[in-house]
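We count ligands from 1, going down the list as the structure has it; atoms in each ligand are counted the same way. In this text the structure is predicted, and so the values were computed from the model without any measurement.
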Amino acid sequence: MRNYLKHYINGEWIESTGNEIEEVINPATEEVIGKISLGTNEDLDKAVQAARDAFPSFSQTSKEKRIELLKEIAAEYENRKEDIVETITDELGSPKSISENVHYMMGYNHFSQAAESLKNFSFIEDRGGHTVMKDTVGVSGLITPWNFPTNQTSTKIASAFAAGSPVILKPAEVTPFAAIILTEIFDKVGVPKGAFNLVNGSGSVIGDGISSHPGIDFVSFTGSGAVGKKVMQNASERIANVALELGGKSPLVVLEDADVEEAARAAVSHIATNSGQVCSAATRVLVPSSMKKSFEEAVQKVLPEYPVGNPREDNHIGPLVSQKQWDTVQSYIKKGQEEATLLVGGTGKPEGVEKGYYAKPTVFTDVDNDMVIAQEEIFGPVTCLITYDTVEEAIEIANDTKYGLAGYVFGEDEQTLVKVASALKAGRVKINDAKADFAAPFGGYKQSGIGREWGDYGIEEYLEIKTILGYPKK
Ligand code: NAD
């Protein structure tokens with residue numbers, strides 16, 4: 001049982017001033033695996049004060065010192081690999097291979113990449129006539145969701161540290177334990193007192209408190225659009241900077257000359273990885289009308305490559321994170337059965353499963369882009385097949401969404417691939433099976449958010465631009 005009833009403030013684990021406790025549940029077993037304290041505004045005030053006290057010296061540390069700190073964090077993170085993998089498997093229900101190859105690796109890559117990006121990062125720029133300086137934004141408040149417990153926390157913290165910004169982190173209360181390990185890592189490597197503070201708690205108290213706190217200069221939020229709007233509203237009261245990483249309904253455009261089976265495998269893997277609880281997952285698959293039948297057959301053929309089941313066994317798809325998430329996904333599957341044609345999957349748990357929040361990987365066909373299942377983020381193992389007749393029509397359908405986080409294009413002809421990639425209104429477009437790149441910026445257009453994370457663009461978020469005229473003297 002993991003019982004972590006303290007917050008980490010000013011370099012120490014301290015008792016919560018409140019007495020509300022939240023139980024954390026393993027979604028595969030539905031058993032309680034630990035508890036956290038839900039912090040109070042008093043706890044948050046203490047953390048903000050600690051960060052403000054740390055600011056003058058932390059923001060003035062040299063670039064070399066910050067690179068060294070980030071490298072030490074990455075090295076200690078590696079030492080905690082087993083704990084991180086076990087913890088994410090328990091709290092999120094992520095299959096062990098995904099916990100290791102995706103969740104653990106993403107956190108590691110963000111710290112290593114930030115150190116690397118910092119090497120060539122310039123905080124001062126002579127622009128011939130004037131100088132631009134990049135100052136640390138101030139104290140940062142970080143609010144993260146449950147679906148990638150080490151990815152979102154690590155990218156924000158690594159960028160903040162690279163920029164010299166002290167932080168207060170509030171991780172999702174559903175999956176809080178990975179952040180406890182990160183805190184232990186920072187404590188072990190000697191992150192300066194007050195530069196990192198962890199306050200666990202609810203969104204309505206600590207999340208809302210962070211976004212409205214006058215002592216917090218910048219808020220970086222990852223989560224739903226509904227909460228993102230509230231964060232922005234609160235921050236607007238004091239004109240504080242915000243970065244928002246929100247939802248998506250990303251298209252995967254399959255071109256005429258694509259390998260059908262490869263494209264179908266990519267489509268299925270998007271809803272299989274992390275049980276489809278991925279903001280950038282492709283959940284609208286655009287297929288040429290002429291390919292519809294063969295694509296449907298290919299989906300049915302490849303689906304068994306992604307078995308659903310116990311994350312501690314050799315399965316690719318684990319449970320959804322909570323009963324609440326399971327209920328939401330079920331209601332969308334019901335809606336899809338009314339609106340479109342069910343190709344595979346459906347409501348209820350997979351055959352033979354009684355315990356755990358498992359859902360059936362579900363694919364709808366004959367989907368029209370106006371349907372609810374094509375417009376709303378489902379955040380589960382559910383996708384939609386939509387047909388098109390021309391590349392222009394595919395682009396129009398792909399962009400016909402309030403979101404713009406990611407896009408995917410599959411095919412052979414480079415000119416067409418680049419034409420579609422360039423036309424998609426999304427922050428990140430992947431062509432075929434391009435490899436992950438942690439130096440590449442990540443973020444969304446439209447209601448998918450504001451700002452960019454990862455690598456040097458991520459560091460920029462934690463900086464203010466200052467112009468100095470008259471220097472260097474001409
Ligand atoms: P959520 O918005 O419910 O919660 C996110 C965080 O905000 C949690 O820590 C929560 O406690 C906190 N919160 C809740 N109410 C708050 C309030 N009033 N003020 C401030 N904070 C508050 O989202 P979720 O269900 O945890 O995560 C799923 C959502 O996150 C999906 O919409 C998904 O697309 C999105 N997401 C986006 C990205 C991205 O990078 N764009 C990445 C992962 C997840």
Side-chain angles (χ1 to χ4, degrees), residues 22 24 36 38-39 41 44 91-92 102-103 106 110 141-156 159 168-176 178-179 198-213 216 219-235 237 240 242-250 270 273-283 320-329 332 376-380 401-406 426-428 441-454 457-458 461:
E22 176 96 354
V24 180
I36 54 163
L38 298 181
N41 283 314
L44 179 60
E91 66 182 5
L92 181 64
V102 180
H103 294 284
M106 289 186 94
H110 287 308
L142 317 177
I143 306 170
T144 53
W146 45 260
N147 63 331
F148 278 85
T150 45
N151 169 43
Q152 291 123 351
T153 46
S154 301
T155 186
K156 290 182 197 307
S159 297
I168 297 105
L169 169 69
K170 188 210 94 64
E173 53 276 45
V174 189
T175 57
L198 171 82
V199 182
N200 274 314
S202 68
S204 57
V205 176
I206 304 301
D208 187 75
I210 286 178
S211 60
S212 49
H213 206 293
I216 294 180
V219 183
S220 179
F221 170 83
T222 300
S224 61
V227 176
K229 280 178 200 166
K230 284 190 196 158
V231 167
M232 205 170 165
Q233 270 164 8
N234 285 346
E237 290 296 324
V242 290
L244 304 175
E245 297 290 345
L246 310 173
K249 194 74 191 177
S250 300
H270 272 271
T273 304
N274 225 34
S275 306
Q277 303 166 121
V278 181
C279 52
S280 55
T283 48
L320 295 167
V321 74
S322 61
Q323 179 72 51
K324 184 172 162 228
Q325 192 63 19
W326 192 86
D327 291 341
T328 304
V329 170
Y332 275 114
E376 294 186 13
E377 188 181 46
I378 299 175
F379 231 52
T401 163
K402 66 179 179 182
Y403 294 112
L405 189 56
R428 170 175 281 231
F442 183 97
Y445 283 25
K446 300 192 268 182
Q447 292 193 28
S448 288
I450 297 174
R452 295 293 178 268
E453 298 198 298
W454 302 24
Y457 279 91
E461 297 283 322

Inset, instruction - Check each atom of ligand 1 against the heavy atoms of N147 and keep those under 4.0 Å away; list them by number with element. - result: 43 (C), 44 (C)

Legend entry - For atom 41 (N) of ligand 1, closest protein heavy-atom neighbour: L246 O, 2.6 Å

Inset, instruction - Mark up the atoms of ligand 1 that fall under 4.0 Å of a heavy atom belonging to A172, in ascending order. - result: 9 (O)

Legend entry - Top protein contact for atom 9 (O) of ligand 1, by heavy-atom distance: T144 O, 2.7 Å

Inset, instruction - Decide yes or no for I450 and M232: does some side-chain heavy atom of the first lie under 4.5 Å from some side-chain heavy atom of the second? - result: yes

Legend entry - Options E245, K230, Q325, ranked by nearest heavy atom to atom 40 (O) of ligand 1, top entry: E245

Legend entry - Closest approach of any protein heavy atom to atom 7 (O) of ligand 1, naming residue and atom: F221 CE1, 3.2 Å

Inset, instruction - Would you check if K249 and T283 make a side-chain contact, meaning some heavy-atom pair closer than 4.5 Å? - result: yes

Legend entry - Close side-chain approach of Q447 to K229, heavy-atom, < 4.5 Å: yes

Inset, instruction - Enumerate the atoms of ligand 1 whose separation from the nearest heavy atom of D208 is less than 4.0 angstrom. - result: 19 (N), 20 (C)

Inset, instruction - Answer side chain, backbone, both or neither: which part of F442 comes under 4.0 Å from ligand 1, heavy atoms only. - result: side chain

Inset, instruction - Using atom types as modelled and distance alone, determine if a side-chain donor or acceptor of E91 lies under 3.5 Å from a backbone N or O of V24. - result: no

Legend entry - E377 and Y403 side chains, donor-acceptor separation under 3.5 Å: no

Inset, instruction - Drop me the distance from K156's NZ to I143's CD1, to the nearest 0.5 angstrom. - result: 9.0 Å

Legend entry - Nearest-neighbour protein heavy atom for atom 38 (C) of ligand 1, which is reported as residue plus atom name and distance: C279 SG, 2.9 Å

Legend entry - Between OH on residue Y445 and CG on residue L405, distance to nearest 0.5 Å: 11.5 Å

Legend entry - Check: L92 and N274 side chains under 4.5 Å, non-hydrogen atoms: yes

Inset, instruction - Please state which part of V227 comes within less than 4.0 Å of ligand 1, counting heavy atoms only: side chain, backbone, both or neither. - result: side chain

Inset, instruction - Provide, to 0.1 Å, the distance between atom 20 (C) of ligand 1 and the closest protein heavy atom, together with that atom's residue and name. - result: G207 C, 3.1 Å

Legend entry - Heavy-atom side-chain proximity of L320 to Q277 below 4.5 angstrom: yes

Inset, instruction - Mind listing the closest non-hydrogen atom pair of F379 and V329 along with its distance? - result: O-CG2, 3.7 Å

Legend entry - For atom 27 (O) of ligand 1, the protein heavy atom that lies nearest, with its residue and separation: P145 CB, 3.3 Å

Inset, instruction - Decide yes or no for F148 and T153: does some side-chain heavy atom of the first lie under 4.5 Å from some side-chain heavy atom of the second? - result: no

Inset, instruction - Can you confirm whether something in the protein, heavy atoms only, sits under 4.0 Å from atom 4 (O) of ligand 1? - result: no

Inset, instruction - Specify side chain, backbone, both or neither for L405, according to which of its non-hydrogen atoms lie closer than 4.0 Å to ligand 1. - result: side chain

Legend entry - Residue selection (non-hydrogen contact nearest atom 32 (O) of ligand 1) among E377, K170, K324, Q152: E377

Inset, instruction - Below 4.0 angstrom from a heavy atom of G247, which ligand 1 atoms are there? Numbered from 1 as shown, please. - result: 34 (O)

Inset, instruction - Identify the protein heavy atom lying closest to atom 35 (C) of ligand 1, giving its residue, its atom name and the separation to 0.1 Å. - result: G223 O, 3.1 Å

Inset, instruction - Answer yes or no for G449: is there a heavy-atom contact with ligand 1 below 4.0 Å? - result: no

Inset, instruction - Measure E453 to ligand 1 on non-hydrogen atoms and call it side chain, backbone, both or neither using the 4.0 Å cut-off. - result: neither

Inset, instruction - Around atom 24 (P) of ligand 1, find the nearest protein heavy atom and jot down its residue, atom name and distance. - result: W146 NE1, 3.4 Å

Inset, instruction - Report the distance from atom CZ of F442 to atom NE2 of H110, rounding to the nearest 0.5 Å. - result: 8.5 Å

Inset, instruction - Select one of side chain, backbone, both or neither to describe which atoms of E173 lie under 4.0 Å from any atom of ligand 1, heavy atoms only. - result: side chain

Inset, instruction - Have a look at S448, G203, S224 and point out the one with the heavy atom closest to atom 2 (O) of ligand 1. - result: S224

Inset, instruction - Give the intermediate values and the outcome of side chain to side chain contact (heavy atoms under 4.5 Å, CB included) for residues L38 and V205. - result: CA-CA 9 Å; L38 298 181; V205 176; over 6 Å; no

Legend entry - Close approach, F379 and ligand 1, non-hydrogen under 4.0 angstrom: yes

Inset, instruction - Return yes if a side-chain donor-acceptor contact under 3.5 Å exists between N234 and D208, otherwise no. - result: yes

Legend entry - Residue selection (non-hydrogen contact nearest atom 12 (C) of ligand 1) among I143, I210, L169: I143

